[in-house]
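Heads up: the structure comes next, in structure tokens.
Heavy-atom basis, side chains included; hydrogens, waters and symmetry copies ignored. When a ligand or atom number is given, it counts from 1 through the structure's own listing order.
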Amino acid sequence: MSAATDDRYKGYRGPCVELMKRFDVTVWCEVRADTTRGRFEGLLLPRSETSDEDHLVLKLNSGYNIGIRHDTVRRLERLGYREARYKIPEKEFPTDPTHPWVKLYGTGGTIASRLDYRTGAVIPAFSPGELYGSVPELADICNLETEKLFAVFSENMGPEQYLVLVEKVGDAIREGYNGIVIGHGTDTMHHTAAALSFMVQRPPVPIVMVGSQRSSDRPSSDAAQNLINATWAAAHGPIAEVMVCMFGPTSDRYNLLHRGTRVRKMHSSYRSTFRTLGDIPLAMVEKGSFTALKHDYLTRRTDRDVVLQLAFEERVTLAYYYPGMQPDVIDALVERGYKGIVIAGTGLGHVNRKIYPALERARDAGVLVYMTLQTLWGFVQMHVYETGREILGLGVIPLANMLPEVAYIKLGWAMGVHPDNPHAVRELMTTAIAGEMTEREPHDGYLILQGGVPEVQEFLERVWR
Ligand code: ASP
């Protein structure tokens, strides 16, 4: 095959190429495919060099890709041709002396990704320069400087990356930026938000984490809206805390700002996936307008000195309890040298009796064990049942309404800050320093679906009528 032919049928072989030739279509053709499974319309994508030879791949108008087996195709009709270009020009960002200065750090994730048609995978490929080249509205908000720190999906973020990020955040604060934005994969954004909340205490300016659930080459992408609102919150918003700024309601109306220690990704694919748990979100941000939902936040103060504490003990872990858990799970952790264990227990903070001797052995080995809840909402209350009191008697320390992942991060940080000082660790773990434990839950926090607010209100009114 000549190179030109290769390009027209890029990545396809055997029966798929025959099919494309028979119906006179090539890659990048918009096609209507009549198949034994129904009719599909979309863009015929190039295929991965490593893929099978049986399937054509169509990018549907919804943005989703589907594979169609060649032997199910009855007819292919060419509707048009549209070669996709995913290289976005890096734009020189205009500087306006009246605008605040924002530093954007990129770590990767979908917000910094595009589809790689060679492998069919989503790869981190946008440089931050391309990122704002694709969202020119950012120039109306601030002067933006960007720096790409990592290009990873967020499951690859961990203590090593947290420490680099914290140092960089410290640099940006020292250099006098008015706000900081951190682009990050959504999957573990709440872990990194918690790490920043403990390691960067009392920042003078907003530190806003942002991501997107859908990559920017998809029509329903949330990347631009999230980035615009996050950048606005960093440049102009009054709250100087570590926050997550993500899609609020499904109706594209506004973003919510969540406190870094109370936020969690709650849905694998919805754009409105982040929720504040145990509280209500801090604020709504909607194209330059800001509505505070809470008022107990730290405000911007250029005269406030940030406290940076870069430390993390990696031998801590999070154990999600399940009925039937065997004591050797805990024993194995102790034997392998883990120094701290956060348990996500059932109900008010329980594990089965079988585990008790292992908890006792952990305590005797000097391992610190803390209790959090799988229910995510509510407080650990180990005085209510006899079993809870027994677990307390084994030295397990309850952590109020601290979220399990937040407790894991806090324990790693606290043990890093105070190595070999369990009393200081315990003191730090049981004192709220960044909103990670609250006095009580708001009566409306659990009921309001946050981001579904208008929808839920409408629904309830219909039910009450
Ligand atoms: N897997 C991606 C990540 O967390 C998902 C995303 O960015 O939304 O990096």
Side-chain angles (χ1 to χ4, degrees), residues 48 59 62-65 86 88 104-117 119-128 130-132 134-135 146-162 164-165 168 180-197 207-231 234 242-250 252 255-258 260 263-277 318 403-406 408-409 450-451:
S48 152
K59 187 176 189 70
S62 64
Y64 285 98
N65 293 355
Y86 289 95
I88 289 169
L104 167 72
Y105 289 120
T107 68
T110 300
I111 192 158
S113 302
R114 64 171 171 77
L115 263 188
D116 177 8
Y117 289 113
T119 60
V122 175
I123 53 165
F126 277 132
S127 71
E130 289 172 318
L131 200 62
Y132 69 65
S134 67
V135 188
T146 68
E147 190 175 335
K148 185 161 149 185
L149 301 181
F150 318 109
V152 296
F153 288 124
S154 69
E155 57 272 28
N156 302 308
M157 291 291 292
E160 195 187 320
Q161 288 74 19
Y162 302 155
V164 173
L165 188 55
K168 289 289 181 177
I180 298 163
V181 175
I182 299 164
H184 197 285
T186 56
D187 295 355
T188 73
M189 192 185 291
H190 50 290
H191 294 83
T192 305
L196 285 168
S197 303
I207 302 173
V208 189
M209 300 197 64
V210 67
S212 73
Q213 279 280 79
R214 315 244 168 105
S215 56
S216 37
D217 54 349
R218 288 177 53 180
S220 61
S221 174
D222 48 339
Q225 176 179 322
N226 289 345
L227 196 60
I228 289 168
N229 285 324
T231 306
V242 175
M243 294 170 281
V244 163
C245 180
M246 288 289 292
F247 223 71
T250 42
D252 294 25
N255 276 56
L256 287 167
L257 283 176
H258 305 273
V263 65
R264 197 170 186 280
K265 183 172 181 174
M266 296 301 285
H267 198 284
S268 60
S269 58
Y270 279 11
R271 294 171 303 173
S272 47
T273 171
F274 281 88
R275 292 284 184 263
T276 288
L277 304 188
L318 174 58
L403 296 168
E405 295 89 350
V406 173
Y408 154 71
I409 294 282
Q450 305 174 30

Open item on the list: With a cutoff of 4.0 Å, is S212 in contact with ligand 1, counting heavy atoms of the residue only?
Closed with: yes
Just which atoms of ligand 1 are under 4.0 Å from any heavy atom in [X]?
X: T110; value: 2 (C), 5 (C), 6 (C), 7 (O), 8 (O)
X: G109; value: 7 (O), 9 (O)
X: F153; value: 2 (C), 9 (O)
X: Q213; value: 8 (O)

Open item on the list: What protein heavy atom lies closest to atom 4 (O) of ligand 1? Include the residue and the distance to one decimal.
Closed with: S154 OG, 2.6 Å
Open item on the list: Just to confirm my output: which protein heavy-atom neighbour is closest to atom 1 (N) of ligand 1, and how far is it?
Closed with: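 Nearest protein contact, heavy atoms only, for atom 1 (N) of ligand 1 is D187 OD2, 2.9 Å.
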- [ ] Look up atom NZ in K265 and atom CE in M246, then write down how far apart they are to the nearest 0.5 Å.
- [x]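 If I round to the nearest 0.5 Å, the distance is 7.5 Å.
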Task: Value rounded to 0.5 Å, distance of CG in L165 from CG in L196 - done: 5.0 Å
Open item on the list: Strictly distance-based, threshold 3.5 Å: is any side-chain N or O of N226 a donor or acceptor partner for the main-chain N or O of G211?
Closed with: yes
Task: Side-chain (S154) to main-chain (T188) donor-acceptor, under 3.5 angstrom - done: yes
Open item on the list: For the 3.5 Å polar cut-off, considering only N or O atoms, please tell me whether T186 and ligand 1 meet it.
Closed with: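 N/O-N/O distance below 3.5 Å exists for this pair.
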TODO: Would you check whether T188 has a nitrogen or oxygen atom less than 3.5 angstrom from a nitrogen or oxygen atom of ligand 1?
DONE: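 No, T188 has no N/O under 3.5 Å of an N/O on ligand 1.
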TODO: State whether the number of non-hydrogen atoms from other residues, nucleotides or ligands found under 6.0 Å of E155 atom CD is greater than 12.
DONE: yes
- [ ] Determine the interplanar angle of the H258 and F274 rings, folded into 0 to 90°, and report it as parallel if under 30°, tilted if 30 to 60°, perpendicular if over 60°.
- [x]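 The rings of H258 and F274 sit tilted, inter-plane angle from 30° to 60°.
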- [ ] Please tell me if the side chains of T107 and M157 come closer than 4.5 Å, counting only heavy atoms from C-beta onward.
- [x] yes
